[in-house]
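Just so it is clear, the model here is predicted, and its values are computed rather than measured.
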Amino acid sequence: MLLSVEKLFKKFGGVVACDNVDWSIGSGETQCIIGPNGAGKSTFFQLLTGRHAADHGRIIFKGGDISRLPPFARANRGIAMKPQTLGVFPELTVEHNMRLTLQRHMSGAALRDAIEARLADLDLAHTLNRQARELSHGQRQWLGLGMAIGSNPDLLLLDEPTAGMSTAETQRTVDLIHRIGATGTAVLVVEHDMAFVRQLAVPTTVFHQGRIFASGTLSDIETNLDVQRLYLGKQGVAKLRN
Ligand SMILES: Nc1ncnc2c1ncn2[C@@H]1O[C@H](COP(=O)(O)OP(=O)(O)O)[C@@H](O)[C@H]1O
Ligand SMILES: [Mg+2]
């Protein structure tokens with residue numbers, strides 16, 4: 001196991017946002033967590049990044065307990081995230097944005113090559129000298145993704161990576177996540193959009209009221225009547241069938 005959580009618990013006032021969750025992800029694995037608004041997905045995400053501290057429970061990463069570590073220490077150990085609000089600097093060029101993250105790990109020709117390779121991977125090679133603010137919404141998201149994987153993390157956390165994207169951009173993001181997964185980086189995608197989850201087609205955990213409601217392969221989830229009836233509602237089922 002790369003990361004596992006044991007009895008992770010977090011309460012905000014009277015609301016239990018993460019209720020004794022047990023969950024794990026292996027090295028190089030891609031997984032998805034879904035659930036409607038308020039299910040506790042972002043809370044779980046922020047418990048992993050260290051933005052929120054758990055009330056109790058443990059987070060074990062590469063064999064060590066990281067539950068009490070601040071965000072930067074978790075990042076140094078190999079957990080990267082792309083925040084929902086982008087970490088991209090709009091006034092800087094695409095190349096400069098990439099350089100800011102990659103220059104911590106390399107320099108000179110290696111740095112230039114790495115920037116070019118990463119941007120080619122993201123279909124952003126042609127935007128090298130443009131300011132990030134000139135990019136489309138989808139392109140900016142991909143640049144943010146490229147910056148998040150700049151440090152070659154062991155685990156990449158993505159909270160709703162396709163929010164605001166067109167269908168075509170969403171498909172490209174799915175392809176990109178599959179390519180990142182193929183490089184050996186474990187990826188956790190937190191998402192409420194069923195269509196996206198269906199395209200991604202990876203082991204999926206359904207959150208409901210801070211708890212794990214169901215988990216399994218995408219087809220397990222799709223055929224789970226409890227998920228359809230009690231959790232996704234009519235709209236969710238309709239989305240699944242689309
Ligand atoms: N910082 C916070 N302060 C108070 N309540 C919060 C906070 N963050 C989340 N919550 C509450 O915790 C529950 C889970 O929220 P969240 O994790 O954002 O769900 P999701 O990402 O699945 O929509 C909700 O009831 C939400 O109102
Ligand atoms: Mg959320």
Exercise. Looking only at atom types and distance, does a side-chain atom of His208 sit under 3.5 Å from a main-chain N or O of Gly35, one as donor and one as acceptor?
Worked result: no

Problem set entry | Residues in side-chain contact (heavy atoms from CB on, under 4.5 Å) contact with Arg179, at least two apart in sequence or another chain | Asp121, Asp175, Leu176

Exercise. If you measure from CD on Glu29 to CG on Leu155, what distance do you get to the nearest 0.5 Å?
Worked result: 10.5 Å

Problem set entry | Lys41 side-chain N/O to Pro36 backbone N/O, donor-acceptor pair under 3.5 Å | yes

Exercise. Does the side chain of Glu222 pick up a donor-acceptor pair with the side chain of Ser219 at under 3.5 Å?
Worked result: no

Exercise. Within the distance-only criterion (no hydrogens, no angle test), does the side chain of Thr204 pair as donor or acceptor with the backbone N or O of Val202 below 3.5 angstrom?
Worked result: yes

Exercise. Taking the inter-plane angle between the rings of Phe44 and Trp23 on a 0 to 90° scale, is it parallel (under 30°), tilted (30 to 60°) or perpendicular (over 60°)?
Worked result: perpendicular

Seminar exercise, completed: Between the CD1 atom in Ile79 and the CG atom in Leu2, the distance rounded to the nearest 0.5 Å is 7.5 Å

Seminar exercise, completed: Checking Val187, Val197, Ile221 against Cys32 for side-chain contact (heavy atoms from CB on, under 4.5 Å), the one that qualifies is Val197

Seminar exercise, completed: From the list Leu135, Val94, Leu124, Asn97, side-chain contact (heavy atoms from CB on, under 4.5 Å) with Arg140 holds only for Leu135

Problem set entry | Straight-line distance of Thr43 OG1 to Phe207 CZ, nearest 0.5 Å | 9.5 Å

Problem set entry | Main-chain N/O of Ser166 paired to Thr170 side chain as donor or acceptor, under 3.5 Å | yes

Exercise. Does Ile59 reach the side chain of Arg74, with side-chain heavy atoms less than 4.5 Å apart?
Worked result: yes

Exercise. About how many Å separate OG1 of Thr173 and CE of Met165, when rounded to the nearest 0.5 Å?
Worked result: 3.5 Å

Problem set entry | Over 12 foreign heavy atoms within 6.0 Å of CZ, Phe89 | no

For this session: Report yes if the side chains of Trp142 and Thr127 come closer than 4.5 Å at any heavy-atom pair, otherwise no.
Result: no

Exercise. Roughly how far, to the nearest 0.5 Å, is CG of Asp154 from NZ of Lys62?
Worked result: 3.5 Å

